[in-house]
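Some notes on the structure that comes next.
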Amino acid sequence: MSQNPIEEKNASKNTFKKIAEGFSHIAIGMGTVAMQSTRDPVSTTYPDEMPTLYPTSRHRLALNVNPLTGEHLCIACKQCEKVCPDQCITVIPDPTAKGKVQEFYIDQGLCMFCGLCTEVCPTDCIINTVDFEMSDYSREALVYDIKKLTLKRDESEFYFQFKGLDLPKVKVSPVAKAEAKVEV
Amino acid sequence: MNPTQELLSNPSHEVSDNLKTEEMVINMGPHHPATHGVLRLKLKLDGEYVREAVPVIGYLHRAIEKQGEQRNYFNYQVDIDRVDYLAGMHNNEAFSIAIEKLAGIEIPERAKYIRVICSELNRISSHLLWIGTCLIDMGAMMGFPFYPFRERDRILNFLEEISGQRMMFNFIRIGGVQRDPSAEWLKNVREFAANEFPSRAREYEAIATENPIFIGRMKGIGFLPPSVALDHNITGPSLRASGVNLDLRKTADYSVYSKFDFEVPTATDSDCYARYLCRVREMYQSAKIIVQAIDALPEGPISGKKILPGFKPPKGESYGAVESARGNLGVYVVSDGTSSPYRVRWHSPSFNAVSALPYMLTKGGPGETNLRISDVMACIASIDFIMPDVDR
């Protein structure tokens, strides 16, 4: 079974030559390892130094508000709830007003950060932020409600810019439209 | 004459009848640090020699196939990165190809090129992790095994930038790809694949390939003759190290690989060292493909047909296969016309690799002899299986 060409080649050489060759190859290897010490370290010291994250990075889910008006962008269409593979999203629409959301729950402990909800959202409301530090002491604390999920206005502004999203159109209510018509 | 003197005076070093020996069953795993996950090997040992080896699998079973029946096509795409989490792009691509065949979706040329770039990046990253763990298994703990992670981290950063996550990409979608890469990304990847990676890969070769200790551990053990490898349906670099030149990128031509100039490295020794060489050489070829693909990247759309959650392919069945980092990865989908598959079946190369372990350990020595227990690690390391891929 030993028809290895290298083995046959080695057998013909004398022992001293083989030993010298072995040492030289080990020396080359050690030299390569030693060379690494002249380079800058590649590892980052995480808590002191934050890793580079990209606009596409998928981390903690959050809800956007309109950066221009501060209005909540969710229209309670329940697209994200339907598409979620883990069923970790619960949307409760406002029974009094159509197109408004009353309560919004995301179980961040169940979420697998696939980002499908952000793809189907028609108003760019639900987004993946770049915040990944969300450890907590209990599972219940990881179920975020709408208060914890909704971003502040300046944060929303940052994410709209960072992710290159189109700014939402300013909604004109039918009453205001009618008034504008009357004035004309 | 006492028994010790009797033993010493015995010139043939045979065990005398007075010494009682017996075979011993040792469980290696499921939490042995060198079994690459949760593989349990029941080894029957006669002293140092392995007389019988039985791999016990199933510790990482997550019912990926059953989940395919529960979820719709759109949702299931996020799960399939987990089949083989070191090479998620290949899983995505295999599933996408199967569904595209089924539904007759044409994918644009640009999407095909981007798929090639990402798949080859992922192949390099998978092989880099393999080199690191293989050297740890061989006892090279002098800090070197973490050097491949330096380049792997760069690749994972590239893949994170384009897909959003470091391992669960979900980037190659049915009908195309998820996102168009920016010009800067392409420039950086080209620079990495053309200059930085080959020079760094030569460093690992300088350390490991000719190292006499490494050769001593890897050479002449774990023989897997071509006939046995084909019987066990071994694919990928492990098969090519046995001298069988089978690569789906060349033979099946499922993407645009015919347009690139690359070689499929093969070896004829069919031992652990040959498998190491095949993988190392394959990384250079992958880098070569990436450079060519970026240079020839055509303009155009990235997705043929936008797949929505309510996507329903027609009734029928189809099979999509790609050359993954570990071999021939296939997925067989049966559709009954509804929005979720009737049956999904994954054919994973790692499962076949584990099935060849008993042969390698009991007949893998020179002249079909038994291997010793120290060689078990070399065999496990060299065939490069990954447990989530075995159990699914």
Side-chain angles (χ1 to χ4, degrees), chain A residues 1-8 10 18-37 39-44 51-59 78-87 111-120 127-128 130 132 163-164, chain B residues 67 70-72 74-79 81-82 140 142-144 146-147 149-151 153-154 157 160-166 168 170 178-179 185 202-216 219-220 223 225 268-271 273-274 308-310 364-369:
Chain A
M1 217 45 198
S2 64
Q3 319 134 335
N4 305 316
I6 296 178
E7 217 166 72
E8 277 168 23
N10 281 356
K18 252 160 68 178
I19 292 171
E21 235 173 46
F23 270 111
S24 76
H25 284 306
I26 290 179
I28 290 169
M30 296 295 238
T32 316
V33 174
M35 235 173 63
Q36 176 66 21
S37 60
R39 297 190 184 128
D40 289 337
V42 286
S43 50
T44 50
T52 334
L53 293 172
Y54 306 97
T56 52
S57 292
R58 302 200 297 260
H59 297 290
K78 290 200 172 196
Q79 288 284 335
C80 47
E81 191 183 311
K82 277 177 206 152
V83 82
C84 180
D86 290 340
Q87 282 124 38
C111 177
M112 64 165 158
F113 309 104
C114 63
L116 289 187
C117 47
T118 64
E119 283 172 32
V120 296
I127 53 158
N128 285 113
V130 291
F132 54 90
K163 288 177 179 284
Chain B
Q67 282 185 48
Q70 308 287 329
R71 297 182 173 183
N72 61 35
F74 187 74
N75 276 359
Y76 188 48
Q77 289 185 93
V78 302
D79 265 359
D81 296 286
R82 276 105 173 143
M142 55 182 181
F144 163 66
F146 301 104
Y147 283 27
F149 281 58
R150 181 182 58 192
E151 273 69 63
D153 203 58
R154 289 268 288 149
N157 278 344
E160 186 188 5
E161 191 175 347
I162 192 167
S163 72
Q165 262 184 12
R166 294 168 72 80
M168 306 303 158
N170 189 17
Q178 187 195 4
R179 208 174 267 116
W185 187 85
R202 258 171 234 124
E203 284 181 14
Y204 321 137
E205 289 225 63
I207 298 168
T209 306
E210 293 286 327
N211 190 309
I213 303 165
F214 183 69
I215 293 176
K219 206 154 187 40
F223 286 108
T268 49
D269 284 359
S270 72
D271 60 353
Y273 188 65
L308 296 168
E368 298 208 346
T369 50

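Since we're looking at a predicted model, the values are computed, not measured. In what follows, chains carry the letters A, B, and so on, assigned in the order in which the sequence lines appear, proteins first and then strands, with residues in each chain numbered from 1.
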Problem set entry | Top contributor to chain B contacts, counting heavy-atom pairs under 4.5 Å, from A:G115, A:P51, A:S43, A:G22 |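 Maximum pair count with chain B is reached by A:G22.
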Exercise. Picking from B:E205, B:R179, B:R154, B:M168, which has the most non-hydrogen pairs under 4.5 angstrom with chain A?
Worked result: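 Ranked by contacts with chain A, first place is B:R179.
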Problem set entry | Evaluation steps, salt bridge (Lys or Arg N to Asp or Glu O under 4.0 Å), between A:R58 and B:E161 | CA-CA 10 Å; A:R58 302 200 297 260; B:E161 191 175 347; over 6 Å; no
Exercise. Is it the side chain or the backbone of A:F23 that comes within 4.5 Å of chain B heavy atoms, both, or neither?
Worked result: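 Interface part for A:F23: neither.
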Problem set entry | chain B contact via A:Q79 - side chain, backbone, both or neither, heavy atoms under 4.5 Å | neither
At a 4.5 Å cut-off on heavy atoms, which part of [X] comes close to chain A: side chain, backbone, both, or neither?
{"X": "B:Q77", "result": "neither"}
{"X": "B:R202", "result": "neither"}
{"X": "B:N157", "result": "both"}
{"X": "B:T209", "result": "neither"}

Problem set entry | Nearest heavy-atom neighbours spanning A:C114 and B:V78 |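 So the two residues come closest at CB-CG1, 3.5 Å.
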Problem set entry | Shortest non-hydrogen contact from A:H25 toward B:P212 | CB-CD, 4.1 Å
For the atom pair [atom1] ([X]) and [atom2] ([Y]), what is the distance rounded to the nearest 0.5 Å?
{"X": "A:Y54", "Y": "B:I162", "atom1": "OH", "atom2": "CD1", "result": "12.0 Å"}
{"X": "A:E119", "Y": "B:F74", "atom1": "CD", "atom2": "CZ", "result": "5.0 Å"}
{"X": "A:T56", "Y": "B:W185", "atom1": "OG1", "atom2": "CH2", "result": "10.5 Å"}
{"X": "B:I207", "Y": "A:M30", "atom1": "CD1", "atom2": "CE", "result": "10.0 Å"}

Exercise. Any side-chain heavy-atom pair from B:N211 and A:I28 closer than 4.5 angstrom?
Worked result: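 The answer is no; the side chains never approach within 4.5 Å.
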Exercise. Heavy-atom distance under 4.5 Å between the side chains of B:N75 and A:V83, does that happen here?
Worked result: yes
Problem set entry | Residue among B:R166, B:E160, B:Q165 satisfying side chain to side chain contact (heavy atoms under 4.5 Å, CB included) with A:S57 |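 For A:S57, the side chain to side chain contact (heavy atoms under 4.5 Å, CB included) check succeeds only for B:E160.
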